[in-house]
Amino acid sequence: MRVADFDFDLPSDLIAQFPPAVRGGSRLLHVEATGTLADRWFSELPTLLRADDLLVMNDTRVIKARLFGTKESGGKVELLVERVTGEFEALAFIRASHAPKPGSRIHLAEDLTLEVLARQDDLTQLRFPRPVLDVLDQVGRLPLPPYIEHTPTADDEARYQTVYANEPGAVAAPTAGLHFDDAMLQALREQGIRTAQVTLHVGAGTFQPVRVDDIAEHRMHSERYTIPQATVDATQETRARGGRVVAVGTTSLRALEAAAQSGKLHAGSGETDIFITPGYRFQVVDVLLTNFHLPRSTLLMLVSAFAGVDTLRAAYAHAIKERYRFFSYGDAMFLESPSSR
């Protein structure tokens, strides 16, 4: 398939610049396994779930990955940490008039200077004078997506983070999880719906465009994930009871599917560059809760693979007509896989 097969026209005023007034106050487009569409509210999610279902959530925590500094020459530098690779090292995208060379230094603050170690394709390996996460907490800025146009505020620092975020390392939020508040999680528990966790540290590559025409030639960025044994056990028990595995977000789905490439879900940690496109056979996930994604993006290709290309196109056309809000701060979809009918 071609990248153009995943393009669509989106009015700019449908790109959500701010979250809804209250967490969970979003709309929810229910896409049934038959392709039938129903307009709902996220508050109705419990009515779409069954007592034997399992919700799998990504507990990654967004770090303040955007940094601003100066080179030794005095030139300004903007950095976006893509991945923390060690206690004192990280890979970052760097924006500068001239890229800093290995061996040079970048000054962030009076007592904070980074050492440029090496170039790795589009990324630069950096050494920090103190633990990376400590430095980011001190001088970093929340890395809002490029289509959100305002400077991050204290409200963004709260709302661009799931209420169950636990493991620091992501540079973009697992946005389907942003809709959940504590009251919704409690309501699901009271309904008997179980939850399980995975960790996938979302990288900045999630916003990188597909630069080839033939999607078979695209190479995905790599992201770190962990699947606990308790989550493997929960999925097996869910299957045994006839329940469904519901992935909260494409990141949870990618972690689960990456860990099941042998045909069976395995616990452990690893790196994944799994690229899911139409024709992929899903091993673990029966239902996907997700936001609306960018045109021509790998995530749009993934959800097209899950729901079916024609069904997904019809759903997006409906969402645009009904003026759903798109992208990270936007509304959600509840996608049932046709293979789960």
Side-chain angles (χ1 to χ4, degrees), residues 58-146 151-152 157 160-161 165-174 199-212 218-226 251 254-255 258 268-275 298:
N58 183 4
D59 66 358
T60 189
R61 174 173 286 277
V62 180
I63 57 178
K64 295 181 180 180
R66 195 175 300 282
L67 297 166
F68 298 89
T70 56
K71 295 184 291 184
E72 292 171 302
S73 64
K76 294 184 181 298
V77 180
E78 179 179 340
L79 305 95
L80 179 63
V81 171
E82 202 277 339
R83 191 185 321 168
V84 178
T85 57
E87 185 178 7
F88 295 93
E89 292 189 9
L91 284 168
F93 292 102
I94 293 183
R95 181 183 297 176
S97 57
H98 298 285
K101 298 178 179 180
S104 64
R105 287 173 167 74
I106 298 171
H107 303 291
L108 301 181
E110 185 175 342
D111 62 339
L112 287 173
T113 299
L114 310 182
E115 181 184 356
V116 179
L117 298 181
R119 292 277 295 174
Q120 295 186 23
D121 298 322
D122 293 337
L123 296 167
T124 299
Q125 185 81 23
L126 301 169
R127 181 183 297 279
F128 286 63
R130 299 202 294 272
V132 176
L133 295 179
D134 291 349
V135 172
L136 297 182
D137 279 342
Q138 179 184 347
V139 299
R141 181 181 294 179
L142 187 73
L144 287 178
T151 300
E157 291 189 12
Y160 194 65
Q161 196 84 263
N166 186 53
E167 300 292 335
V171 301
T199 303
L200 185 141
H201 292 316
V202 191
T206 192
F207 300 116
Q208 296 300 304
V210 178
R211 295 187 174 92
V212 294
H218 178 68
R219 294 294 173 264
M220 285 286 287
H221 60 287
S222 184
E223 294 169 317
R224 185 78 178 168
Y225 73 89
T226 298
T251 61
R254 291 185 73 238
S269 298
E271 298 270 341
T272 180
D273 59 358
I274 188 171
F275 184 24
T298 60

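The basis for the numbers below is simple: all heavy atoms, side chains too, and nothing from hydrogens, waters or symmetry mates.
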Evaluate the side-chain proximity of [Y] to [X]: yes if any heavy-atom separation is below 4.5 Å, no if none is.
X	Y	answer
F93	L123	yes
I63	V132	no
Q120	E82	no
V202	E223	yes
I94	P100	yes
E72	H107	yes

Return yes if a side-chain donor-acceptor contact under 3.5 Å exists between T60 and H201, otherwise no.
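Yes, a side-chain donor-acceptor pair sits under 3.5 Å.
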Going by distance alone, is a donor N or O of one side chain under 3.5 Å from an acceptor N or O of the other, for E271 and S222?
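There is such a pair (donor and acceptor under 3.5 Å, judged by atom type) between the side chains of E271 and S222.
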Quick one: pull up [atom1] in [X] and [atom2] in [Y] and give me the separation to the nearest 0.5 Å.
X	Y	atom1	atom2	result
R105	T70	CZ	OG1	13.5 Å
L79	L91	CG	CG	12.0 Å
L136	R66	CG	CZ	12.0 Å
R254	D273	CZ	CG	8.0 Å
M220	T298	CE	OG1	4.0 Å
T85	R127	OG1	CZ	9.5 Å

Please say whether more than 12 non-hydrogen atoms of neighbouring residues, nucleotides or ligands are located less than 6.0 Å from CG in D122.
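No, because the 6.0 Å sphere around CG of D122 holds 12 heavy atoms or fewer from other groups.
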Is the number of heavy atoms from other residues, nucleotides or ligands under 6.0 Å of R95 CZ greater than 12?
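At most 12 heavy atoms, drawn from other residues, nucleotides or ligands, come within 6.0 Å of this atom.
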Checking E167 now: which residues fulfil side-chain hydrogen bond (donor to acceptor under 3.5 Å, both in side chains) with it, not counting sequence neighbours?
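side-chain hydrogen bond (donor to acceptor under 3.5 Å, both in side chains) check on E167 returns nothing, list empty.
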Quick one: do V116 and L126 satisfy side-chain contact (heavy atoms from CB on, under 4.5 Å)? Show the steps, please.
CA-CA 5 Å; V116 179; L126 301 169; 4.0 Å; yes
Got a donor-acceptor contact below 3.5 angstrom from the K71 side chain to the A96 backbone?
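Side chain of K71 to backbone of A96: no pair is present.
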Is there a donor-acceptor pair closer than 3.5 Å between any side-chain N or O of N58 and the backbone N or O of L200?
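Confirmed, N58 side chain pairs with L200 backbone.
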side-chain contact (heavy atoms from CB on, under 4.5 Å) between L67 and I106, worked out
CA-CA 11 Å; L67 297 166; I106 298 171; over 6 Å; no
For [X] and [Y], which heavy atoms make the closest approach, and how far apart are they?
X	Y	result
S269	T226	OG-OG1, 2.8 Å
Y160	A173	OH-N, 3.1 Å
R141	T151	NH1-CG2, 4.1 Å
A65	P143	N-CD, 3.8 Å
A118	P102	CA-CG, 4.1 Å
E157	Q161	O-CB, 4.0 Å

Could you tell me which residues satisfy side-chain contact (heavy atoms from CB on, under 4.5 Å) with R130, sequence neighbours excluded, listed by chain and number?
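With neighbours one apart ignored, the set is D111, L112, V135, Q138.
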